[in-house]
Every structure is written in structure tokens, then in C-alpha cells.
Amino acid sequence: MKKNFLILMAILYSAVGQAKFLKAVLYFEDGTKKTGLAELVESEDSKINFKVNEEAKKEKILSADVKRIEYVNADNNMFIVEKFYFTTANLFTGKFSKSKKKIWFYIVYDKDVKIGGIGAEGGRRPNAGGTSSVVTISNTAYYFGKKNSEDLVFGFATSANNLAVGTNSLVKKMSKEAFADCPKLIAAIEKEDFKADTVLDQLKALFEKNKCK
């Protein structure tokens, strides 16, 4: 799954600014859906560029009206993008901050717990530490949360050289925010020693073993 996500992020980067359309199904907040072609969305895009077919005129659909997008690339690989609020913790004060609007996440794990990723072009990622500034130390930020929650919590971030930002302590801190009603999972995460290059696989293994209903 991690390999697949890296491929998807490479697709995302290469498609930025190139008006690249992929096969897509848009699932709307009102329960309807629309099939056609769509450009890949970035985390804070307010509109989705969509066409019903190659010859059709491009239309702009409000992100606020869409809950989920399923893309299929040229190699017939399907990947999912969903919209969530996000919670971060300020790296200096430790204070939690929740976003006022939902943003798009590329989903890398989806069972009882979801893990979503945000890739940032050029190694830039906004709001990594719960501030309004742009942090330039990471390429991908990973968030996690319970499947039925509308909110994902910032877990850790990685750069191209596998440097993890606050991996071990921050994952443990943020898990208490994400899984407050699941002490079993929090306890399992507390016992784990997270490493920069394996943290995603470690988290997925814990989520598989420790179920919270």
C-alpha cells in the first residue's frame, strides 16, 4: 500500500499544471454520483475540473458538493480521495487546532481506521505544526482517524529521504486525540517504537490487530 501511494503521489505531481484527466467517479454529498473524467485534486482545491467524456466541455464542480472521488489511472489502478476536517498539534505549544473546512486526502488505508496522505509539491506542506505558516521539511503528511469520523488527526510527515517529523512521540500524542474512546488501541500505540521508514506499516499492523467498535 505504501508503494502504491508513492506511485499515486508521483502521478499527482506530474499532473499538476498539465490538465491531466483520469477516469473518475464523483460521489456527491446528496447521495448521487457522476461518472466521467476528472483532474486530480490537491488538498485545498475548492473546485473539481470534470468532463463527462473526452470531447465534452470542461465543467467546474464545487468540492463542497462532493464527498469522495474514485480515480482510475492509465494502468487501471484505482485510488480514492476523500474530504475530511483535520486536527493538528502546534509543535511549540502542543495546543490542538481543528480546521474550519474539509480538505482532500488521498486514502492509503481504509478499514476500521483510515489513513490519509497529503503530498506537497516541491517539499512544501502547509500547517504541519498547527500553524498558518508553510513548512518546507516534508513532502508527505499522514493523518489518521476512526472510519466513521469526519476528522483525521495529523500523525507524522516524511520527506524524500525518509526523515520523519516528530514520529514516535507525535504519533502517540495524536492517537490519544483520534482514539479517545478506544484505550486498547491507545495502549498498543504507546508500547510501539515507531521508526521513520516503517511507521506507516507499523500503524497499519496495529490497526489490524486492535479493533475498536
Side-chain angles (χ1 to χ4, degrees), residues 1-16 18-53 59-87 99 101-121 125-126 138-158 174 178-179 199-201 203-208 211-212:
M1 183 65 77
K2 184 176 181 180
K3 181 180 179 181
N4 289 343
F5 181 62
L6 294 176
I7 293 172
L8 298 182
M9 298 318 299
I11 294 170
L12 175 62
Y13 296 149
S14 66
V16 172
Q18 297 179 13
K20 181 178 178 64
F21 284 83
L22 298 177
K23 294 179 182 178
V25 181
L26 275 57
Y27 293 85
F28 289 81
E29 295 284 0
D30 64 5
T32 61
K33 67 180 182 179
K34 198 168 186 176
T35 301
L37 304 169
E39 287 185 2
L40 291 164
V41 292
E42 295 186 74
S43 59
E44 297 191 44
D45 282 350
S46 61
K47 295 180 180 179
I48 304 159
N49 291 325
F50 180 85
K51 299 193 295 186
V52 292
N53 55 53
E59 57 180 300
K60 293 183 180 293
I61 297 175
L62 292 175
S63 287
D65 295 335
V66 180
K67 184 176 183 178
R68 168 188 174 109
I69 307 172
E70 293 179 355
Y71 290 102
V72 178
N73 68 7
D75 296 321
N76 212 34
N77 294 316
M78 192 266 285
F79 54 100
I80 296 167
V81 184
E82 289 187 89
K83 239 179 27 232
F84 296 95
Y85 297 104
F86 64 91
T87 296
S99 66
K101 65 176 184 178
K102 293 181 179 180
I103 65 172
W104 292 109
F105 289 89
Y106 283 74
I107 304 303
V108 299
Y109 179 82
D110 188 0
K111 293 193 177 179
D112 290 339
V113 172
K114 285 183 185 285
I115 302 176
I118 300 175
E121 188 178 11
R125 176 175 52 80
S138 60
N139 291 333
T140 306
Y142 294 92
Y143 294 68
F144 50 74
K146 295 183 71 174
K147 183 178 181 66
N148 297 322
S149 174
E150 288 191 309
D151 179 51
L152 294 184
V153 168
F154 175 67
F156 65 99
T158 60
M174 299 309 283
F179 311 117
V199 58
L200 190 57
D201 291 331
L203 280 171
K204 287 190 290 185
L206 288 169
F207 296 152
E208 290 283 344
K211 305 294 185 180
C212 293

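In what follows, every heavy atom counts, from backbone to side chain, and hydrogens, waters and symmetry copies are set aside.
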Tell me every residue that passes salt bridge (Lys or Arg N to Asp or Glu O under 4.0 Å) with K60, counting only those two or more places apart in sequence or in another chain. none
How close do A141 and F154 get, heavy atom to heavy atom, and via which atoms? CB-CE1, 3.9 Å
What are the two closest heavy atoms between S63 and K83, and how far apart are they? O-NZ, 2.6 Å
Counting only heavy atoms not in K102, do more than 12 sit closer than 6.0 Å to its NZ atom? yes
Taken to the nearest 0.5 Å, the spacing of F50 CZ from I61 CD1 works out to 5.5 Å
For F179, give me all partners under ring-ring contact (aromatic ring centres under 6.0 Å, His included), at least two apart in sequence or on another chain. F144, F207
Going by side chain to side chain donor-acceptor pair (under 3.5 Å), name the residues that satisfy it together with E70, two or more places apart in sequence or in a different chain. Y27, R68
To the nearest 0.5 angstrom, please state how far the NZ atom of K204 sits from the NZ atom of K111. 9.5 Å
Residues that K33 engages under side chain to side chain donor-acceptor pair (under 3.5 Å), provided they are two or more places apart: none
Side chains of K23 and L37: closer than 4.5 Å at any heavy-atom pair? yes
Rounded to the nearest 0.5 Å, what's the gap from CG on L152 to OH on Y143? Could you check? 9.0 Å
Distance col, row D112:CG vs K114:NZ, nearest 0.5 angstrom, shows 11.0 Å
Partner set under side-chain contact (heavy atoms from CB on, under 4.5 Å) for N76, not counting sequence neighbours: V72
Nearest heavy-atom pair of L40 and Y71: which atoms, and what distance? CA-OH, 3.4 Å
Separation between CZ (F105) and CZ (F86), nearest 0.5 Å, reads 6.5 Å
Could you give the distance from OG (S149) to CZ (F84), rounded to the nearest 0.5 Å? 7.5 Å
State, to 0.1 Å, how close V153 and A178 come at their nearest heavy-atom pair, and which atoms those are. CG2-CB, 3.8 Å
Residues A38 and I48: closest non-hydrogen pair is CB-CG2, 4.2 Å
E59: what forms a side chain to side chain donor-acceptor pair (under 3.5 Å) with it, not counting sequence neighbours? K34
What's the verdict on side chain to side chain contact (heavy atoms under 4.5 Å, CB included) for F156 and L203, showing C-alpha distance, side-chain angles and the deciding distance? CA-CA 11 Å; F156 65 99; L203 280 171; 3.8 Å; yes
By side-chain contact (heavy atoms from CB on, under 4.5 Å) - contacts of N148 (at least two apart): none
Would you mind reporting whether E39 and D45 have side-chain heavy atoms less than 4.5 Å apart? no
Within the distance-only criterion (no hydrogens, no angle test), does the side chain of N73 pair as donor or acceptor with the backbone N or O of D75 below 3.5 angstrom? yes
Restricting to salt bridge (Lys or Arg N to Asp or Glu O under 4.0 Å), what partner residues turn up for K101, sequence neighbours left out? none
Taking the inter-plane angle between the rings of F79 and Y106 on a 0 to 90° scale, is it parallel (under 30°), tilted (30 to 60°) or perpendicular (over 60°)? parallel
Is the number of heavy atoms from other residues, nucleotides or ligands within 6.0 Å of NZ (K51) greater than 12? yes
With sequence neighbours left out, write down each residue that passes side chain to side chain donor-acceptor pair (under 3.5 Å) with D151, or none if nothing qualifies. T87
Correct closest heavy-atom pair for V66 and I69 would be CG1-CG1, 4.0 Å
Who are the side-chain contact (heavy atoms from CB on, under 4.5 Å) partners of T35, not counting sequence neighbours? V25
